[in-house]
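To keep things clear, I will list the structure first and then write my remarks on it.
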There are 2 protein chains.
Amino acid sequence: MPGFLWCPRGRVTMSPLPSDERRCMHKLWLREISWPLFVFFSSDIEISRAQSPKAVDVLAKEIGLLTDEIEIYGQTKAKVRLSLLERLKDQPDGKYVLVAGITPTPLGEGKSTVTVGLVQALTAHLNINSFACLRQPSQGPTFGVKGGAAGGGYAQVIPMEEFNLHLTGDIHAITAANNLLAAAIDARILHENTQSDKSLYNRLVPVVNGMRGFSPIQLARLRRLGISKTDPETLTEEEISRFVRLDIDPSTITWQRVVDTNDRFLRKITVGQANTEKGFVRQAQFDIAVASEIMAILALTTSLQDMKERLGKMVVANDQKGEPVTAEDLGVTGALAVLMKDAIKPTLMQTLEGTPVFVHAGPFANIAHGNSSVLADKIALKLVGENGFVVTEAGFGADIGMEKFFNIKCRASGLVPSVVVLVATVRALKMHGGGPNVTAGAPLKKEYTEENLQLVADGCCNLQKQIQITQLFGVPVVVALNVFKTDSPAEVDLVCKIAKESGAFDAVPCNHWSAGGRGAIKLAQAVEKAANQKNSFKYLYSLELPIVEKIRIIAQKVYGAQDIELSPVAQSQVDRYTRQGFGNLPICMAKTHLSLSHQPERKGVPTGFILPISEVRASIGAGFIYPLVGTMSTMPGLPTRPCFYDIDLDPITEQVKGLF
Amino acid sequence: MPGFLWCPRGRVTMSPLPSDERRCMHKLWLREISWPLFVFFSSDIEISRAQSPKAVDVLAKEIGLLTDEIEIYGQTKAKVRLSLLERLKDQPDGKYVLVAGITPTPLGEGKSTVTVGLVQALTAHLNINSFACLRQPSQGPTFGVKGGAAGGGYAQVIPMEEFNLHLTGDIHAITAANNLLAAAIDARILHENTQSDKSLYNRLVPVVNGMRGFSPIQLARLRRLGISKTDPETLTEEEISRFVRLDIDPSTITWQRVVDTNDRFLRKITVGQANTEKGFVRQAQFDIAVASEIMAILALTTSLQDMKERLGKMVVANDQKGEPVTAEDLGVTGALAVLMKDAIKPTLMQTLEGTPVFVHAGPFANIAHGNSSVLADKIALKLVGENGFVVTEAGFGADIGMEKFFNIKCRASGLVPSVVVLVATVRALKMHGGGPNVTAGAPLKKEYTEENLQLVADGCCNLQKQIQITQLFGVPVVVALNVFKTDSPAEVDLVCKIAKESGAFDAVPCNHWSAGGRGAIKLAQAVEKAANQKNSFKYLYSLELPIVEKIRIIAQKVYGAQDIELSPVAQSQVDRYTRQGFGNLPICMAKTHLSLSHQPERKGVPTGFILPISEVRASIGAGFIYPLVGTMSTMPGLPTRPCFYDIDLDPITEQVKGLF
């Protein structure tokens with residue numbers, strides 16, 4: 001791999017890439033790029049801008065979509081209709097590849113970049129149909145610490161500013177739906193507390209044009225209450241009381257408001273302090289929008305009908321008797337589905353080399369499940385055809401995103417992955433081997449810029465452990481070493497050697513950042529071979545096990561914990577969910593991504609720790625139990641110098657600057 | 001007008017409308033509709049759905065837009081690029097018509113419907129180019145009390161669910177920008193309070209790749225501080241301290257967070273209660289998103305450059321010395337402009353009869369200025385050509401939206417309106433004449449459904465007063481009586497007679513709700529005649545007058561107040577803004593829309609009242625001073641039975657139900 005240079009955000013000398021047409025399996029997917037000779041670029045956004053994306057309707061035609069199956073948003077984005085799944089239902093699925101990673105530094109190790117580089121290599125260089133399925137970035141980190149998330153260098157989704165900004169509005173739709181439900185909860189409590197049964201009933205079931213009738217969602221509630229009447233005039237006083245009072249216990253509300261902004265001052269707030277709310281104050285919080293259960297539903301749902309059902313089932317609180325209160329009880333299911341009706345359609349974009357990408361659902365694999373959507377993967381698997389590849393991505397280390405991918409997402413989809421690509425960097429391995437702290441914004445210490453084989457060798461324990469975790473699921477693993485210009489050939493060789501000794505099917509250095517798809521050809525070839533291996537995919541635990549047992553299996557087998565310890569609050573929550581009939585759901589751990597353990601500072605492979613479970617929540621609509629490991633913030637903050645200091649818009653050219 | 005029936009939300013018998021093509025002045029604008037014979041519809045959304053809109057690219061071509069001047073969003077919406085203004089800069093403007101109203105009931109009197117009916121009549125029936133410029137509805141009321149806002153019956157914007165839901169994401173972009181700025185304020189206060197000058201400086205101007213440099217927005221701040229240095233190493237300690245400390249006085253923060261949801265529990269909140277915020281709690285609030293100053297800027301801006309400058313100038317608080325702190329001081333101007341870069345482009349849609357509509361900027365003329373955008377109006381005026389008409393709309397009664405339209409929006413745009421259409425209903429006039437209360441959700445009393453000439457005659461005082469207000473601005477006024485099926489011919493005749501006696505150029509009954517554009521032909525003819533009248537447009541007050549004097553002129557001449565009375569807080573705010581050099585801005589009153597006075601229950605023409613000014617705020621970016629009359633809520637609430645009870649999505653057909 002020497003000869004290719006990794007230049008993080010630096011200038012890079014490009015040699016021309018071929019611009020020929022490539023005939024893919026069942027469709028002609030054109031790369032309409034004219035690579036500039038020896039161009040000097042200084043940032044991801046400049047590289048992105050230097051390449052003109054083809055019109056999205058052209059791309060859609062190339063990959064076999066019909067005109068009425070897409071909804072164009074501007075020149076470079078289109079939503080894809082779910083009707084496609086019905087049309088292609090008899091088409092065999094392609095191969096399903098998951099990109100996961102070792103435990104990362106706070107800078108990230110380039111999973112999105114590998115994902116993009118891999119599909120560029122497969123389709124633009126090896127003539128194999130492929131699709132990348134990526135997650136929509138949150139605007140919080142884009143303007144906060146992390147910056148954009150479109151991949152990087154010559155392995156990007158373009159235009160990167162479209163990818164990183166509002167996209168097609170999915171996260172905004174989630175925010176709107178989430179907050180409508182939150183407003184409905186507090187308003188309902190207020191109205192119930194300040195009105196008699198009769199007054200509530202008169203308002204909930206008003207006389208309109210001389211007639212009084214229940215709305216369909218009210219009839220559904222009556223049926224759940226065991227009341228089979230349909231004429232509002234015939235309910236007894238007792239039935240009216242049961243119908244009009246959800247009787248929410250405010251101390252049990254688990255539904256939080258969200259914003260897609262890093263607003264740390266909303267982590268804990270008191271609401272309802274205006275006089276108009278008559279003293280019904282309570283403590284609450286805002287989470288980052290992508291942590292909303294509605295985002296999890298968007299990622300896991302399989303159809304509009306399924307999404308609507310899941311939205312209705314979301315439990316927001318308990319009533320005074322300890323029974324769950326749902327969005328359906330609040331009468332808001334239909335409105336939530338209406339707000340989400342377009343968000344359910346994946347967004348089509350393209351890589352820098354003109355290959356197709358779906359962007360759908362959200363990030364934050366630490367506090368959410370952090371996977372892109374089942375629907376995007378399913379549609380892409382049909383589009384690429386039997387010999388094609390769909391490359392999707394799970395957030396953070398394999399212990400976090402991949403574990404959730406297998407145990408939660410694959411359960412929801414029924415899909416079986418063919419290969420796991422495990423992304424590693426020399427930088428992160430050195431950190432695991434005992435290198436100094438890596439901090440965003442601060443310059444890297446010399447341990448990271450000079451050869452140090454001992455640090456690399458010591459740090460490979462983390463890689464080895466993440467390979468073992470992957471093997472628990474019976475899927476072949478290919479290690480992709482994301483090469484930086486400061487990595488020495490000996491360091492690169494050492495990592496690949498250890499990876500193969502540790503059970504990886506193959507281990508390949510990659511240079512897609514500086515060379516585009518051409519720099520990931522060997523990775524693509526390894527993935528193709530691995531996909532033909534025997535696959536004995538299995539889940540890690542049976543859903544029938546008690547909640548605590550499932551948490552323990554993840555903690556011990558995946559994280560390497562000695563045991564788990566539930567706080568009394570967590571234990572009582574587990575008991576309650578079990579009693580309410582939610583015990584058979586999979587587990588979505590909320591744990592730091594910076595260590596296999598719950599302690600971010602413990603690098604390498606920590607052992608002997610007891611994993612503390614401070615709280616256990618339930619996302620019934622999404623369909624998982626959600627334990628919080630230690631203290632997990634669900635709202636990032638803005639640092640002293642947020643990314644926005646460098647972001648600007650040229651009012652004449654309309655170009656965005658400083659997004660990366 | 002007998003023969004046409006107004007059926008609010010009821011079933012209506014339609015006779016066929018002509019479906020021929022119509023050749024307009026400079027372009028062929030096709031109406032591609034096939035009107036069904038004698039169809040029975042039961043709601044606005046069913047009427048909307050029964051008509052297939054033409055593809056928006058077809059519409060764009062019909063009205064003379066070039067392919068690269070539009071960005072398509074789905075089949076029926078497109079954003080229009082501002083480059084159009086440059087291309088058409090030598091084209092003469094069309095006639096500019098404002099639709100305003102009398103003091104409304106809480107149900108609204110149909111201004112949007114008149115606006116749509118009027119353009120349908122002009123273009124589809126009289127062969128005159130026209131454009132409607134409407135405001136994007138807030139999703140708060142759509143799911144709360146009011147329901148959708150696309151017009152109604154056979155005078156609608158279609159598809160109405162697209163109009164009423166996320167549209168092209170402008171309000172979401174405003175929310176994102178607004179809340180990024182809010183988060184930046186609190187985070188900055190925290191960081192300044194917990195770090196030394198040196199530490200702040202090291203973080204704000206970090207070493208990157210061995211180099212240290214100011215970002216452009218930091219250099220701009222240095223210049224404002226009178227520091228001409230550009231090398232970070234050369235600043236003195238005193239200069240560093242001035243540079244790093246905005247020194248915001250938390251008690252003076254006027255920038256609020258927003259959501260586009262009716263969430264009453266956010267009217268007054270305490271933020272910063274998590275341990276991570278180290279005790280820096282403060283009282284704050286969320287406003288409805290459309291009340292954001294950024295919405296006001298969107299409506300008043302004339303270019304991307306102008307918008308960026310306005311965003312930077314927004315004052316969010318004072319520092320401890322009483323000097324204004326701006327978005328620019330926080331380093332966030334560029335990021336806000338980036339978030340708003342697409343929102344600045346008006347959205348093209350169509351009426352039920354296929355004529356073009358721009359939807360841009362926001363509602364809430366009571367707590368904001370409540371006008372659609374200057375840019376949409378300007379582009380539309382070029383597109384319709386010299387003999388064409390642009391019909392725009394100002395919220396609520398003429399005392400509210402129209403006064404702001406003339407004194408604020410026309411000042412920002414430099415445009416001169418040709419005609420005001422003043423919308424009245426027999427229902428609202430009866431209320432002003434002493435009829436019983438009109439409440440949303442409750443059935444109308446018989447006074448409103450049976451002929452009562454005395455109530456109508458008594459209530460016409462409000463119509464007369466609103467005509468007089470319009471005449472203050474020197475623009476001819478045509479009264480449009482929005483006819484309901486319960487209005488008697490005698491009632492209709494009486495209103496028109498009184499309107500003409502009161503100085504209206506003409507007064508015309510309209511039946512566009514039941515008959516589409518055909519029902520507004522006489523209105524269109526009257527408007528066309530009025531547009532050729534002598535026009536002596538003038539502003540109501542000179543900007544040079546002191547703030548209090550400008551408020552008094554509006555209160556006395558427009559509202560009919562005896563005088564105004566400022567609270568001590570309001571007086572000190574006026575003094576501060578005057579001292580800070582903001583005294584020469586126009587005034588944007590925040591006043592109830594339900595009465596000419598500050599007391600919603602006082603109907604007709606209240607006199608002898610003293611208008612209380614409780615607070616005075618400043619929107620420096622938008623460019624106005626913003627007095628609050630009495631207590632004005634900037635966040636609506638959800639009632640016991642919000643609209644969402646009736647809203648649903650059919651998961652098979654993907655059709656939205658219950659939006660109206």
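Residue numbers begin at 1 in each chain, while the letters A, B, ... track the order of the sequences.
Contact count versus chain A (heavy atoms, under 4.5 Å) is highest, among B:Leu336, B:Val332, B:Ile652, B:Asn262, for B:Val332. Among the candidates B:Lys79, B:Gln218, B:Arg188, B:Gln283, the residue making the largest number of heavy-atom pairs closer than 4.5 Å to chain A is B:Gln218. Interface summary for chain A: among B:Asp648, B:Thr640, B:Thr261, B:Ile171, the most heavy-atom pairs under 4.5 angstrom belong to B:Thr640. When each of A:Gly169, A:Pro216, A:Gly334 is checked for heavy-atom pairs under 4.5 Å with chain B, A:Gly334 comes out on top. Annotation: maximal heavy-atom pairing with chain A below 4.5 Å, among B:Val281, B:Leu266, B:Val656, occurs at B:Leu266. Top candidate by heavy-atom pairs under 4.5 Å with chain A, chosen from B:Leu200, B:Val259, B:Asp342, B:Leu190, is B:Leu190. Counting heavy-atom pairs closer than 4.5 Å to chain B, the top residue among A:Glu161, A:Met307, A:Gln285, A:Lys341 is A:Lys341. Interface summary for chain A: among B:Pro642, B:Ser633, B:Pro639, the most heavy-atom pairs under 4.5 angstrom belong to B:Pro639.
Residue A:Glu162 touches chain B through its side chain alone, counting heavy-atom pairs closer than 4.5 Å. Only the side chain of A:Arg81 comes within contact range of chain B, with at least one heavy atom under 4.5 Å from a heavy atom of that chain. For B:Glu192, no part lies near chain A; criterion is any non-hydrogen pair under 4.5 Å. Contacts between B:Asp260 and chain A at a heavy-atom distance below 4.5 Å are absent for every atom of the residue. In this structure, chain B has heavy atoms under 4.5 Å from both the backbone and the side chain of A:Ala184. Contact annotation for A:Gln305: both backbone and side-chain heavy atoms come within less than 4.5 Å of a heavy atom of chain B. Proximity to chain B is absent for every atom of A:Lys278, based on heavy atoms less than 4.5 angstrom apart. Both the backbone and the side chain of A:Arg203 come within contact range of chain B, each with at least one heavy atom under 4.5 Å from a heavy atom of that chain.
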ask   = Passes side-chain contact (heavy atoms from CB on, under 4.5 Å), B:Leu165 versus A:Val338? Steps please.
value = CA-CA 8 Å; B:Leu165 294 170; A:Val338 164; 3.5 Å; yes
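Here CZ of B:Phe265 is found 11.5 Å from CD of A:Gln273. Values are rounded to the nearest 0.5 Å. Once rounded to the nearest 0.5 Å, the distance linking OG1 of B:Thr333 with CZ of A:Phe644 reads 9.5 Å. One distance of note links CD of B:Gln139 with CG of A:Asn179; it measures 11.0 Å at 0.5 Å rounding. Here NZ of A:Lys268 is found 10.5 Å from CD of B:Glu277. Values are rounded to the nearest 0.5 Å. Interatomic distance, B:Leu330 CG to A:Leu638 CG, rounded to the nearest 0.5 Å: 10.5 Å.
Counted within 6.0 Å of CG on A:Asp68, heavy atoms from surrounding residues, nucleotides or ligands total more than 12; the atom is thus considered enclosed.
Side-chain contact between A:Asp263 and B:Arg257: present, with at least one pair of heavy atoms (C-beta onward) separated by less than 4.5 Å. Residues A:Phe143 and B:Leu339 have side chains in contact (heavy-atom distance under 4.5 Å, counting atoms from C-beta outward). Taking 4.5 Å as the limit, every side-chain heavy atom of A:Thr270 sits out of range of all side-chain heavy atoms of B:Ile269. In this structure the side chain of A:Tyr645 reaches within 4.5 angstrom of the side chain of B:Ile217, judged on heavy atoms. The shortest side-chain heavy-atom distance between B:Arg641 and A:Ser215 falls under the 4.5 Å cut-off. Using a 4.5 Å cut-off on side-chain heavy atoms (C-beta onward), B:Glu309 and A:Pro651 make no contact.
Ion pair B:Lys308/A:Glu654 not flagged as a salt bridge, since none of the NZ, NE, NH1 or NH2 atoms sits closer than 4.0 Å to an Asp/Glu carboxylate oxygen. In this structure, B:Glu71 does not pair ionically with A:Lys77, as no charged nitrogen and carboxylate oxygen lie closer than 4.0 Å.
In this structure a side-chain-to-backbone donor-acceptor pair under 3.5 Å is missing from A:His166 to B:Ala173. Judged by distance alone, with hydrogens and angles left aside, the side-chain atoms of B:Arg264 form a donor-acceptor pair with the main-chain N or O of A:Thr276 at under 3.5 Å.
Aromatic ring orientation, B:His172 versus A:His172: parallel (interplanar angle below 30°, classes split at 30° and 60°).
B:Phe286 has its ring centre less than 6.0 Å from the ring centre of A:Phe286.
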